[in-house]
Every structure is written in structure tokens, then in C-alpha cells.
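Residue numbers run from 1 in the order of the sequence given. Just follow the structure's listing: the first ligand is 1, and inside any ligand the first atom is 1.
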Amino acid sequence: MWEYSCRDTAVDLGSTTVRMHVRGRGVVAREPSVLARSRSSGRILALGSSAQELAGLTDEVSLIEPIRDGAPAEPDETEYLLRHLVRTHHRRRYTARPRMVVAVPSDLTPLQYEAVESAAYQAGARQLELVPTPLAAAAGSGPAGTGADVMIVADIGAYITDIGIIAFGGLVSSHMARIGGAALDRAIVAHVRREHEVLLSRAAAEAAKLAVGSVAPRGRQRTRQAMVHGRDLATGLPRPVVLTAAEINRAIAGAIAAMVDAIRIGIGRCSPEISGDLMSSGLTLTGAAARLPGLDRLIGTETGLRTRVGEDAADAAVLGAAEFLRHGVPRGGRFPLRKARDGVSIGVWPTRRCQPLT
Ligand SMILES: Nc1ncnc2c1ncn2[C@@H]1O[C@H](COP(=O)(O)OP(=O)(O)OP(=O)(O)O)[C@@H](O)[C@H]1O
Ligand SMILES: [Mg+2]
């Protein structure tokens, strides 16, 4: 018999990485959310990592980042990217359209909400549900180990830190701040410009962060260092710069403090009825930027909550979105989890066998 549910598709539309999960096959794509466009013809030439490579080769190609702060800033290009991923990762014999759950930031404007909906339908979704990232990340981050019904999750991505309190089976409050791993890269660029008079690319700053960045306590990891290349501001020539772990630690301190402040505000939104439970359930960090060494310990100290980095932190939101396709989206909470308009059935999709996304 056909296993129709194996087309169920979960998507995390990240500002830097689009992740896609197909039921029965796991996470099938972790693609940079970029497209390469020809400056002369305006045509889209490549997507994802091939777009990045192409843009590095020639000035004729401009790189478009269609998803900003977790929402489509360029709706047509977002749709193009999503449609391409859906087509690539659904085997050709599947002529029907998938049921889809998309993880979105908890604080989307109605216009952004519609843009995501429209991109997903145009990409081929037959039925669609949008879920707030903290709720998805909570479902995808593995058991907190406490058996508690209350959970607080902070998903730290590239541009967004999205904090949500999950109780009564839904998201009861959330706070979204425009801070994430990319702010750490910007801080490193600014530091190197000021202290070394060298201009670094964002990618070089990120590479240094990934190599030796941490929020380790003073005195630890001081000897580790990374070499990056940038442009000397005085001569305009390429120049290598050696950055120590301590230097990066110092450079990113301000951005880390802003992240911690955002998480504090998110926790502060919790009602007194459940704040006691939060003490026992603790805080779960997800998102790729949560993997910065020492960040969990610092956040734990600053908030007084037992803090852990969730399993598969980077994929947590897409894995949780996939869980909702399997078991249904929780209806509790105050997030406007509304059912998007029903899609139309095409091809061999058996409508009556399809579980509604409730
Ligand atoms: N091991 C790591 N340590 C520290 N930072 C990391 C690590 N791996 C990835 N990052 C950072 O995580 C960020 C990307 O996170 P993620 O993939 O969750 O973002 P996104 O979902 O694309 O963006 P957003 O959720 O903000 O829309 C980047 O800034 C990257 O440098
Ligand atoms: Mg994300």
C-alpha cells in the first residue's frame, strides 16, 4: 500500500539556513537561504550552497538573502527557494502535494504570516500549518528529563532569539528579539577593524567565532587562536590577522549580554502560576548559535535556571515541526495557531485518508 504520509514535509525557514524534514527520511536539507541572481539578465542562476560558490567566482552574480529575521523579505525568491527544495526532495513518483508544517518566528506581522503561507502553497503545500519556533523547538529538542508540563525554550538562530514558555499543551507567552549568532560576527568585524585596522568579511568573522569563540570564564581557553584574512584599511592589501580566544571573547561580550537580556525578558513574561514549575523544568536552548561553548553555563548563571542545550539543537525546530505532522499541533496557549485555508487535492492524494492537521 502507498505510504502517503511519507510526503509530510516540515520546514524551518531560517534567516541563514532552510531546513527540511520529510517523514520517514529525516532531515533531507540544510541549505543556506540564499539565491544567486545574474546582474545582467535578472535570472536566478543557483540556490543554496551552489549560489554561494557562484557568487564568490564572479561579480556578475549578486547574492540574495530572501529571508530576513525569519520572515520572507523577498517573497518571490523565498517561494522559489522553497519550491526548489520541495521538488528536489520529493521523489518524482510522488505527484501529490505534501502536507506541510512550517516553523516561523513567534512574532510575525500579519503580512509576513501571509507571505510564508503564500510561499508554502506556491511551493506545493496541500495543507499547511504554521507553528511558532519555540513550540516546535520544544517538541524537537528531546525530553527535558524532568517530566514537567512546563518548559521554557530559547531558540538562538543567526538573527533571532525566540523565547517561549510552553504550558497547558501550547505556547502561553513568547518574546522575540533581533539578536543571534550574526550579531557576534558583526561584533568581531567591528573589533578587528578598530584594533587591527583590517576589514574582515562576515564569513571570516564567523569562521573565527566557530574556531575559537566561546563565553568561557576568564583565564580559560586563552591560548587558542585563529588566523583570518581581511583587507588592510591603510594599504587596501590583503592581510592576515591572528585572533586569540580571549580577544574574541571580549569582542562578543556586548552581543552576548544583549542575548541574555532578551532571554531574561522572555522568562519575565511567565505568569506567577507557572514560574515555580519553571525552576524545576529549567531552560532549554536550541538553534545553532546555542552551541557556542559556555553560553548555556552563562545563561544558567544569569537567569538562575538550570540550563541545557537541547538534543540536535540546530535541527530542533524542524524536528519538532515534523512531530506536529505526526501527532497534530497542540491547540493550547495563546498563540494564534490558526488553521490555514485548506489546500486543494491534486494528483493521487487521498483526501479522506489524510488526517487533518488538528
Ligand atoms: N557550533 C557553533 N557555535 C557557535 N555558533 C554557531 C555554531 N554553529 C552555528 N553557529 C551560528 O549559528 C547561527 C545560525 O543558527 P541557525 O542555523 O539556527 O539560524 P537560522 O535558523 O538560519 O536563523 P534565524 O533562526 O535567526 O532565522 C550562525 O550565526 C552561526 O554562526
Ligand atoms: Mg532558526
(message) Does this structure show an ion pair linking Arg19 with Asp315, if we count only N-O contacts that are shorter than 4.0 Å?
(response) yes
(message) If the condition is side-chain contact (heavy atoms from CB on, under 4.5 Å), which residues does Arg68 pass it with, not counting sequence neighbours?
(response) Ala73, Glu74
For ligand 1, list every N/O pair with the protein closer than 3.5 Å, one pair per line with the distance.
from: ligand 1; atom 1: 8 (N); to: Arg291; atom 2: NH2; distance (Å): 3.0
from: ligand 1; atom 1: 12 (O); to: Ala289; atom 2: N; distance (Å): 3.2
from: ligand 1; atom 1: 17 (O); to: Arg19; atom 2: NH1; distance (Å): 3.2
from: ligand 1; atom 1: 17 (O); to: Arg19; atom 2: NH2; distance (Å): 3.0
from: ligand 1; atom 1: 18 (O); to: Ala288; atom 2: N; distance (Å): 3.0
from: ligand 1; atom 1: 19 (O); to: Ala158; atom 2: N; distance (Å): 3.2
from: ligand 1; atom 1: 22 (O); to: Ser15; atom 2: N; distance (Å): 3.3
from: ligand 1; atom 1: 22 (O); to: Thr16; atom 2: N; distance (Å): 2.8
from: ligand 1; atom 1: 22 (O); to: Thr16; atom 2: OG1; distance (Å): 2.7
from: ligand 1; atom 1: 22 (O); to: Thr17; atom 2: N; distance (Å): 2.9
from: ligand 1; atom 1: 23 (O); to: Ser15; atom 2: N; distance (Å): 3.3
from: ligand 1; atom 1: 23 (O); to: Ala158; atom 2: N; distance (Å): 3.2
from: ligand 1; atom 1: 26 (O); to: Ala158; atom 2: N; distance (Å): 3.0
from: ligand 1; atom 1: 26 (O); to: Tyr159; atom 2: N; distance (Å): 2.8
from: ligand 1; atom 1: 26 (O); to: Ile160; atom 2: N; distance (Å): 3.0
from: ligand 1; atom 1: 27 (O); to: Ser15; atom 2: N; distance (Å): 2.8
from: ligand 1; atom 1: 27 (O); to: Ser15; atom 2: OG; distance (Å): 2.5
from: ligand 1; atom 1: 29 (O); to: Lys209; atom 2: NZ; distance (Å): 3.4
from: ligand 1; atom 1: 31 (O); to: Glu206; atom 2: OE2; distance (Å): 2.5
from: ligand 1; atom 1: 31 (O); to: Lys209; atom 2: NZ; distance (Å): 2.7

Extract all donor-acceptor atom pairs below 3.5 Å that involve side chains of residues 35-49 and protein atoms in other chains or at least two apart in sequence.
from: Arg37; atom 1: NH1; to: Glu77; atom 2: OE2; distance (Å): 2.8
from: Ser38; atom 1: OG; to: Ser40; atom 2: N; distance (Å): 3.3
from: Ser38; atom 1: OG; to: Ser40; atom 2: OG; distance (Å): 3.2
from: Ser38; atom 1: OG; to: Ser41; atom 2: N; distance (Å): 3.0
from: Ser38; atom 1: OG; to: Ser41; atom 2: OG; distance (Å): 3.1
from: Ser38; atom 1: OG; to: Glu60; atom 2: OE1; distance (Å): 3.2
from: Arg39; atom 1: NE; to: Asp59; atom 2: O; distance (Å): 2.7
from: Ser40; atom 1: OG; to: Glu60; atom 2: OE2; distance (Å): 2.9
from: Ser41; atom 1: OG; to: Arg43; atom 2: N; distance (Å): 3.2
from: Ser49; atom 1: OG; to: Glu31; atom 2: OE2; distance (Å): 3.1

(message) With rounding to the nearest 0.5 angstrom, report the CG to CD distance, Leu298 to Glu302.
(response) 5.0 Å
(request) List, by chain and then residue number, the residues other than Ile160 in its hydrophobic cluster (Ile/Leu/Val/Met/Phe/Trp/Tyr, side-chain heavy atoms under 4.5 Å); write none if there are no others. (result) Tyr159, Met176
(message) Check Lys209 with Asp185, please: is the shortest side-chain N to carboxylate O separation under 4.0 Å?
(response) yes
